[in-house]
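Below is one structure, written out as structure tokens; comments come after it.
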2 protein chains.
Amino acid sequence: MYDVGMAARKPGKKIHAQQDVPRRVTLKFLAEYLQLSTTTVSVVLSDSPLAMTIAQKTKERIWAAVEKFQYRPNMFAQYLHSKRTFSVAVLVPDIGDEYSSSLISGIERRLSEAGYKYIVASHRGAPKEIETSPETLMDRAVEGMIFINTPLQKRLPIPVVAVSDITTAPGVSRIVIDNDRAIWLGLSHLKQLGHKRIAFFKGPDHNGDTEMRWKAVLENSEKFGLEVERELTVQLGTYPEVNESTVSHHGYAAAMTLLKRTRSFTALMAFNDGSAIGAIRAFQDAGLSVPNAVSVIGIDDVPLGEFIYPRLTTVRQPLEQMGQLAASTLLDRINGMTVLEETKVLPELIVRESTAPQRYR
Amino acid sequence: MYDVGMAARKPGKKIHAQQDVPRRVTLKFLAEYLQLSTTTVSVVLSDSPLAMTIAQKTKERIWAAVEKFQYRPNMFAQYLHSKRTFSVAVLVPDIGDEYSSSLISGIERRLSEAGYKYIVASHRGAPKEIETSPETLMDRAVEGMIFINTPLQKRLPIPVVAVSDITTAPGVSRIVIDNDRAIWLGLSHLKQLGHKRIAFFKGPDHNGDTEMRWKAVLENSEKFGLEVERELTVQLGTYPEVNESTVSHHGYAAAMTLLKRTRSFTALMAFNDGSAIGAIRAFQDAGLSVPNAVSVIGIDDVPLGEFIYPRLTTVRQPLEQMGQLAASTLLDRINGMTVLEETKVLPELIVRESTAPQRYR
DNA sequence: TTGAAAGCGCTACCAA
DNA sequence: TTGGTAGCGCTTTCAA
């Protein structure tokens, strides 16, 4: 393979570039081909202020050569000066789950508009991964990071935004659903339908929405004159132990647990759609019709929700939009703007078929 | 901020490194601190053959300093020599859909074992994106690419692996489900249950499995003495036009189309789980019980399949495993090994509740 | 209007 | 057992 380097034998001694084009064309090659200095070529390519002083004719020759050789600057060499990589990292528990991938979809949309690429790293809950991956990502010189439902302990030297936040480090911008509003929407819907004895699923401990959402359950129940009974609440993923990993499995198991305790509830406010769908199946298996015997409401609005039987009533969490917001916020911080420490996103009630007026039983 | 560069005033004139540590420690800084040359430090850090010749004592001093200053080599500077980035790119139609994200989950697992990171780019079907993103990804110096259900026209100068292949370029390694076997499994199951008039969903045109799967339908039907009637087949995404994007919507619409034509079928072999779930809902809405009036079988085995009503009978496509295989194959090619041009993965029949023996109607 | 030279952080060749 | 020096591909003074 022809090596460009060989063309420059002695400084000052111009040698016409050979016909052979190296595997990847470099600035130096272009300059030699054009009988110009790399400086000149670099200046016009990057359109720096100095480019004003270059003859129009020269510029045109340069651009023609760029076109001819399909020259593309080497980002890694550029980085050495600019320290910019136009890439960020996204940390998620598991890229395979619906929640993460919907958010990432939104993140990507916004990022690609800005010419950024992203690296995603799933830690699958492994503490070691969570601990070390910020480092290995910093090695790739990402300009910022987005933590999705992932704890960050120490402050990073780059901008960080968290979605479904469980970070404890300072200086993190947060994008969160307005959980109070979400619960309020669900509860007021159930209340309007006449439900009094409502069961609740509390989220798993490692989830960033669990605490806020549970607090909202307590507060809003009080507001609505509803009682949150211990007997009617079960936390996902704690009891009983299930090996299966999806939230739906946890929802199924949680519903079964509930049924073993009592059947005195007429509605269930689940933690999310996955657990709601699992619970619906459990109720059906136990011979309880949904929504006739028990109404079920989820949170999220997963795509399949409108195809299950009965179609799922839920509180929509605009994940795509939250992803976009996270990306926008991160880009703003990267560009040195000051941003809100926390941005709340509004949920929306989607009434379908899994909720119905309470019938006396 | 203290600038390390200032420490080296004149070559040869050693100056003790200051107490101040620069933002990010460099090799040069370390070397000055240790009163060694960068060569020496570099050699022991990379544990090159030459490292044998370095005094143990010196090595220890170096490692201690690395620890003390938390030195991490700059990958971008390293790249300039090694031309290696330990990163690959993954192209998908949409990272938000279940199919893509499950595959990526497998890809990531294998990649991270090998210390690789990946960039994902969703083109959302936009021809312009599909055309240009290989270029922009090459700019990031990825060492290979994985195309998921995405067309690649021209040969790339780096290794490429395709999953659900629709590439036309040469030199691509393919990972595919054994579609013939998948259809065979589904059809033999239905046949055993006594079904004779079976409806089919054909996949959308832009999907890599559509052709092979349809061919398999034709061939296996013949083998089983089943007839594939025009009236009983509808292609997803073609008719009628639906604006909604998910396959489930397409499945719902396709099923409705089918019902408008005839009700003379007793089973449906869908193109995948998404369309199967949409179809089940359509049948239910039309007053047809599944599986009593019509049996439905999907392909994929999505997580929610076992929670819908009725639980979905399906042919499992091991997406995680296929992702891992894709990554392994790509890594092998990157490392210069020769790999199979095509690897077929075996599907598996999962019998649940959406299929039942045919009852005479 | 253009070019020489230094330097970004690291590796590698050749000396000492 | 260790160091000087050149160079990877590019940008950026400073000079001409």
Side-chain angles (χ1 to χ4, degrees), chain A residues 3-8 10-14 22-32 34-62 66 69 71-85 139 141, chain B residues 3-8 10-14 22-32 34-62 66 69 71-85 139 141:
Chain A
D3 182 350
V4 208
M6 308 305 316
K10 277 263 181 289
K13 187 160 188 201
K14 308 289 169 143
R23 203 166 39 85
R24 180 128 197 192
V25 176
T26 69
L27 228 210
K28 189 173 165 194
F29 173 88
L30 269 193
E32 266 156 21
L34 291 163
Q35 299 285 73
L36 290 171
S37 74
T38 57
T39 310
T40 307
V41 181
S42 171
V43 157
V44 346
L45 290 191
S46 58
D47 198 31
S48 83
L50 289 183
M52 305 290 294
T53 75
I54 308 288
Q56 189 55 33
K57 197 97 184 260
T58 308
K59 286 188 187 171
E60 278 159 17
R61 282 179 60 222
I62 293 176
V66 164
F69 293 109
Y71 170 76
R72 317 210 82 189
N74 183 314
M75 290 191 72
F76 289 69
Q78 288 186 137
Y79 162 84
L80 246 33
H81 283 268
S82 67
K83 298 296 180 217
R84 304 219 48 182
T85 58
D139 284 347
Chain B
D3 182 349
V4 208
M6 307 305 313
K10 278 264 183 289
K13 187 161 188 203
K14 310 285 171 147
R23 200 166 40 85
R24 182 132 195 188
V25 177
T26 70
L27 229 210
K28 189 173 165 194
F29 173 88
L30 269 195
E32 265 156 20
L34 292 162
Q35 299 285 72
L36 289 170
S37 74
T38 58
T39 307
T40 308
V41 181
S42 171
V43 156
V44 346
L45 290 190
S46 56
D47 198 31
S48 84
L50 289 183
M52 307 287 295
T53 74
I54 307 287
Q56 188 55 36
K57 197 101 186 257
T58 308
K59 285 189 187 172
E60 278 159 17
R61 282 179 60 222
I62 293 177
V66 164
F69 294 109
Y71 169 77
R72 318 211 82 190
N74 183 313
M75 291 192 73
F76 289 70
Q78 289 186 138
Y79 162 85
L80 247 34
H81 283 266
S82 67
K83 299 295 180 218
R84 305 220 46 184
T85 58
D139 284 348

[atom1] of [X] versus [atom2] of [N]: gap in Å, rounded?
{"X": "A:Leu36", "N": "C:dT1", "atom1": "CG", "atom2": "P", "result": "14 Å"}
{"X": "A:Lys83", "N": "D:dT12", "atom1": "NZ", "atom2": "P", "result": "12 Å"}
{"X": "A:Arg24", "N": "D:dC10", "atom1": "CZ", "atom2": "C1'", "result": "13 Å"}
{"X": "A:Arg61", "N": "C:dT1", "atom1": "CZ", "atom2": "P", "result": "15 Å"}
{"X": "B:Phe29", "N": "C:dC8", "atom1": "CZ", "atom2": "C1'", "result": "17 Å"}
{"X": "A:Phe76", "N": "C:dT11", "atom1": "CZ", "atom2": "P", "result": "15 Å"}
{"X": "B:Leu80", "N": "D:dC10", "atom1": "CG", "atom2": "P", "result": "9 Å"}

Legend entry - Considering all heavy atoms, the nearest A:Met75-A:Thr85 contact: CE-O, 3.9 Å

For [N], take OP1 and OP2 only and decide whether either is under 4.0 Å from a side-chain N or O of [X].
{"X": "B:Thr38", "N": "C:dC10", "result": "no"}
{"X": "A:Ser37", "N": "C:dA4", "result": "no"}
{"X": "A:Tyr71", "N": "D:dC10", "result": "yes"}

Inset, instruction - Confirm from the modelled atom types if A:Thr53 and C:dT2 form a donor-acceptor pair under 3.5 Å, side chain to base only. - result: no

Legend entry - Pairwise 5' ranking along DNA chain D for B:Gln56 and A:Ser46, keeping only the more 5' one: B:Gln56

Inset, instruction - Mind running side chain to side chain donor-acceptor pair (under 3.5 Å) on B:Thr39 and B:Ser42 for me, showing each step along the way? - result: CA-CA 5 Å; B:Thr39 307; B:Ser42 171; over 6 Å; no

Inset, instruction - Walk me through it: do A:Phe29 and A:Tyr71 pass the test ring pair (Phe, Tyr, Trp, His ring centres under 6.0 Å)? - result: CA-CA 10 Å; A:Phe29 173 88; A:Tyr71 170 76; 9.5 Å; no

